[in-house]
Amino acid sequence: MTEFELIARFFDRPLASGGAVARGIGDDCAVLDFGGPTQLAVTTDMLIAGRHFLADADPRDIGHKALAVNLSDLAAAGAQPRCFFLALALPDANETWLAAFSEGLFALADAQGCALAGGDTTRAPTIAGTSGALTISITAVGEVPREQALTRGGARPRDDIWISGELGDAALALLAHAGSVQPEGPTRQDVRARLDRPTPRIELGVALRGLASACIDVSDGLVGDLGHILQRSKVGARLRWAAVPRSAALRAQASEVAMRCALAGGDDYELAFTAPQRQREAIEAAARSARTLVTRVGAITEGRDLVVLDEANKPMDMPFKAYDHFGSYDPTP
Ligand code: ADP
Ligand code: MG
């Protein structure tokens, strides 16, 4: 059973009509409607030591990333962050660690005007002399004008497919950590920073309201996450590998490594979105106002398949899968 089959089978139930949940399971955020001019976008994401961050990560970076991955889901909904809740299971009360963790957390929270509104703190259990893994769960709440939340469901045939920033560096950092590739010189720190300190694309998400037809944040690899847009929108896509934005560090790698990192690596936290072709100039302007690079990488098609074209514009065999917590593919070192 995959992660998504598990959710569909045991947890996804029809919403009661007339309730406050305007959109439930299936998007980056739930959308709550209490009848006012704005709606609330709410998301929750959990990070576990050894699975979501490397054991040697700086606690400042862990604090940043725990909030950043949640703000990235708000960005994918086009929501403005308002507040968050923090639940912690800690092996011990290490003051040095907590000072650095909270510093990293609040640096990002303050920069985004997102206040910590509550949470829960427990000690992780010790089983057979081994302490349970440090676990951080954040629930973030954002605000979006009524009916303007971006979803995974609105992509239409002939829409452009766009990507923010560059893909694949976080996965490259994991491979470098495992010793299977060697990014040289200062680029090694750059790609590691992309893994440890992702930038949630909040300003871009907000600027895409009314322009993008569908949006998702790329947390589990482009092929899988774009696949969620295709599934929810009931469309297909043609993606041009040559157009997929990737860093100089990734371009320096063998193309098989670069493809695996940029198409199937996780942890990029860039936005993948679709928009009608007539919005091209408006999207370029929105991206400039958000000071974020955006690149057109393909088009939505009729049908349901995702076709990736290689450098010679030939359909590629796709040996890549998205990250799935219960599947067989596991890129963690
Ligand atoms: P993301 O990567 O943006 O966090 P996912 O694609 O992993 O989202 O999750 C798909 C959807 O399933 C989301 O709407 C998420 O809220 C929902 N979901 C995940 N786990 C559960 C669960 N245990 N119970 C209910 N909904 C869940
Ligand atoms: Mg997401």
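We count ligands from 1, going down the list as the structure has it; atoms in each ligand are counted the same way.
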Could you list the atoms of ligand 1 found under 4.0 angstrom from a heavy atom of [X]?
{"X": "D73", "result": "3 (O), 4 (O)"}
{"X": "D28", "result": "3 (O)"}
{"X": "D45", "result": "4 (O)"}

May I ask you to say whether [X] pairs ionically with [Y], meaning some side-chain N is under 4.0 Å from a carboxylate O?
{"X": "R240", "Y": "D310", "value": "no"}
{"X": "E143", "Y": "R82", "value": "yes"}
{"X": "D61", "Y": "K65", "value": "no"}
{"X": "R260", "Y": "E256", "value": "yes"}

How far apart are the closest heavy atoms of S219 and D225, and which atoms are they?
N-OD2, 2.9 Å

How close do P198 and Y269 get, heavy atom to heavy atom, and via which atoms?
CB-CD1, 3.7 Å

Using a 4.0 Å heavy-atom cut-off, say whether R152 meets ligand 1 through its side chain, its backbone, both or neither.
side chain

Quick one: look at I7 and ligand 1, take heavy-atom pairs under 4.0 Å, and tell me if it's side chain, backbone, both or neither.
side chain

Check whether [X] reaches the backbone of [Y] with its side chain - one donor and one acceptor, N or O, closer than 3.5 Å.
{"X": "T38", "Y": "V144", "value": "no"}
{"X": "T139", "Y": "S137", "value": "no"}
{"X": "S72", "Y": "A68", "value": "no"}
{"X": "N70", "Y": "A66", "value": "yes"}

Does a side chain donor of either S164 or T292 reach within less than 3.5 Å of an acceptor in the other side chain?
no

For [atom], which protein heavy atom lies nearest, and how many Å away is it?
{"atom": "atom 9 (O) of ligand 1", "result": "F4 CE2, 4.0 Å"}
{"atom": "atom 25 (C) of ligand 1", "result": "I25 CD1, 3.5 Å"}
{"atom": "atom 2 (O) of ligand 1", "result": "S219 OG, 3.5 Å"}
{"atom": "atom 23 (N) of ligand 1", "result": "F11 CD1, 4.0 Å"}
{"atom": "atom 11 (C) of ligand 1", "result": "G26 N, 3.7 Å"}

Can you tell which of D27, T43, T44 gets a heavy atom nearest to atom 16 (O) of ligand 1?
D27

Measuring from non-hydrogen atoms of R232 to any atom of ligand 1, is the shortest distance under 4.0 Å?
no

Of all the heavy atoms in F10, does at least one lie under 4.0 Å from an atom in ligand 1?
no

May I ask you to list the protein N, O or S atoms found at less than 2.8 Å from the Mg ion (ligand 2)?
D28 OD1, D73 OD1, D217 OD1

On the ring face of W162, is R280 found with NZ or CZ under 6.0 Å from the centre and within 45° of the axis?
no

